[in-house]
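All chains are named by letter (A, B, ...) in the order of the sequence lines, taking the proteins before the strands, and each is independently numbered beginning at 1. Predicted, not measured: the structure shown is a model, and the values here were computed from it.
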There are 2 protein chains.
Amino acid sequence: MTQELFARYSFLLDRTARKVKQYAQHQFKAGEFDVTVDQWLVLKNLSENELLSQTELANLVFKDHPTLTRIIDLLCKKGYVERVPHPQDRRSFQLHLTDSGLEKVSELKPKILEIREKAWENLTPKDFEEFKRILDTIYQNLGGPSEE
Amino acid sequence: MTQELFARYSFLLDRTARKVKQYAQHQFKAGEFDVTVDQWLVLKNLSENELLSQTELANLVFKDHPTLTRIIDLLCKKGYVERVPHPQDRRSFQLHLTDSGLEKVSELKPKILEIREKAWENLTPKDFEEFKRILDTIYQNLGGPSEE
DNA sequence: TACCAATAGTTAGTGTGACAAATATATAAA
DNA sequence: TTTATATATTTGTCACACTAACTATTGGTA
């Protein structure tokens, strides 16, 4: 009987994740941020780790390689990122934020933190801990690597 | 400073939702279920509510109309669902599970409940309550309708 | 040196999500 | 009745997730 509930929770999880993304995307659009939510995730990680390869970046943001290839294509087209040939390994690139990309990150960072905050109204720091613990447990139950 | 954490939680939420879907999809494929996770959600809701219109169904599963149109197209192509013209309103359809669709639902239902259960190992019923409460709060914070 | 498996990245195909716009029909107002 | 507005669904476009297949390169090994 509780079994029936499990399916329900996976539904709520999916629905909420989509809502969170959709809400952020609306705010991004309203503020004319010129990037999508996923593009922002990539930009932000690049600003925190220079000279990553695409594989390293893929592991950081938990996206697969084809998806990342396309996101980077788009960010290159927008002039925020450059693919620099790796000096030793001709198969790979070092990803590099352009000046324009750096500027974009510092411009958007505070605005996006503010947008993200909205979701957590009426919730306590203890709730965050519980939420994180449950999400991580689910992730690991399904074969994901545990958080370091 | 806690601000930085918020962005992190939205990342974990997205990552976990994708993992849950990915895990289920792998099991669906291994079991040759012949439907995707989203197609299953639609089938299941149709089995619980006969003669829905697409709009009613869209509201149940929280998908937008174009997405639902396409999922139903695929389910029709697979022979699980039929669009029956609405007797009074020529704009709309009544969605109808075929015999094959009914059979598919009863065949898959127990298997899928079992798959869903996996995510909740090491978690208590109290955790489920907390999780549901937090997810619903986030959903409502971002403008979603509250649960009835 | 020649072969071979592993790795980095890309491309193509399908399904889904969001959004805008179009079509057809229904209903209400003038 | 005519007009206006609202509703049900579809179509088109872009972005992302996942799979499979492909190219190029690397590094180990016979």
Practice task
Not counting sequence neighbours, list each pair that qualifies as a salt bridge (charged side-chain N to carboxylate O under 4.0 Å, His left out) and has a residue in residues 77-86 of chain A.
Solution key: A:D73-A:R83

Problem - Distance, rounded to the nearest Å, where A:F28 contributes CZ and C:dC19 contributes C1' - result: 17 Å

Problem - Under-3.5 Å donor-acceptor pair between B:R70 side chain and D:dG12 base - result: yes

Exercise for the section: Indicate whether any N or O donor in one side chain lies under 3.5 Å from an N or O acceptor in the other, for A:Y23 and B:N141. Expected result: no

Exercise for the section: Let me know, please, whether A:R18 or A:P66 comes out on the 5' side of the other along DNA chain C by nearest nucleotide. Expected result: A:P66

Practice task
Take atom CG of A:D64 and atom C1' of C:dT14, then tell me their distance rounded to the nearest Å.
Solution key: 14 Å

Exercise for the section: Could you tell me the separation between the CZ atom of A:R83 and the C1' atom of C:dA8, rounded to a whole number of Å? Expected result: 12 Å

Practice task
Using the six-membered ring wherever Trp is involved, compare the ring planes of B:F62 and A:F11 and label them parallel, tilted or perpendicular (cut-offs 30° and 60°).
Solution key: tilted

Handout entry: For atom CD of A:Q22 and atom C1' of D:dC16, their distance in whole Å
Key = 15 Å

Handout entry: Rounded interatomic separation in angstrom, taking NZ from B:K63 and P from C:dT16
Key = 8 Å

Handout entry: Between A:D89 and A:S92, a side-chain donor and acceptor under 3.5 Å
Key = no

Problem - First encountered from the 5' end of DNA chain D, between A:I71 and B:H65 - result: B:H65

Exercise for the section: Would you mind classifying the nucleic acid contact of A:Q25 as base, sugar-phosphate or nothing, using non-hydrogen atoms under 4.0 angstrom? Expected result: nothing

Exercise for the section: Round to the nearest Å and state the distance from A:R90 atom CZ to D:dG27 atom C1'. Expected result: 14 Å

Exercise for the section: Could you list by number each residue of residues 29-57 of chain B showing a heavy-atom separation from DNA chain D of less than 4.0 Å, or answer none if no residue does? Expected result: B:K29, B:S53, B:Q54, B:T55

Completion exercise
Taken in chain and number order and not counting sequence neighbours, the residues that satisfy ring-ring contact (aromatic ring centres under 6.0 Å, His included) with B:F93 are none

Problem - Heavy atoms from other residues, nucleotides or ligands near CD of A:E103 exceed 12 (cutoff 6.0 Å) - result: no

Practice task
Among C:dC19, C:dG9, D:dT9, find the nucleotide with the atom closest to the side chain of A:F93.
Solution key: C:dG9

Handout entry: Salt-bridge present (A:E32, A:K29; N to O < 4.0 Å)
Key = no

Handout entry: B:I72 CD1 - D:dT11 C1' separation (whole Å)
Key = 16 Å

Practice task
Using a heavy-atom cut-off of under 4.0 Å over every strand shown, decide if A:S92 touches base, sugar-phosphate, or nothing.
Solution key: sugar-phosphate

Practice task
Compare the minimum distances between each of C:dT10, D:dT10, C:dG15 and the side chain of B:T69, then state the nucleotide with the smallest one.
Solution key: D:dT10

Exercise for the section: Assign B:Q88 to base, sugar-phosphate, or nothing according to its heavy-atom contacts below 4.0 angstrom with the strands shown. Expected result: sugar-phosphate

Exercise for the section: Give a yes/no answer on whether the side chain of A:H26 brings an N or O atom under 4.0 Å of OP1 or OP2 in C:dC19. Expected result: yes

Practice task
Report the distance from atom CG of B:L68 to atom P of D:dT11, rounded to the nearest whole Å.
Solution key: 14 Å

Problem - Verdict with reasoning, B:E107 to B:K111, per salt bridge (charged side-chain N to carboxylate O under 4.0 Å, His left out) - result: CA-CA 8 Å; B:E107 176 203 343; B:K111 297 181 184 179; 3.7 Å; yes

Practice task
Test for a donor-acceptor pair under 3.5 Å between the base of C:dT7 and the side chain of A:R91, counting only N and O atoms.
Solution key: yes

Exercise for the section: Ignoring backbone atoms, establish whether B:K21 has a side-chain N or O less than 4.0 Å from OP1 or OP2 of C:dG17. Expected result: yes

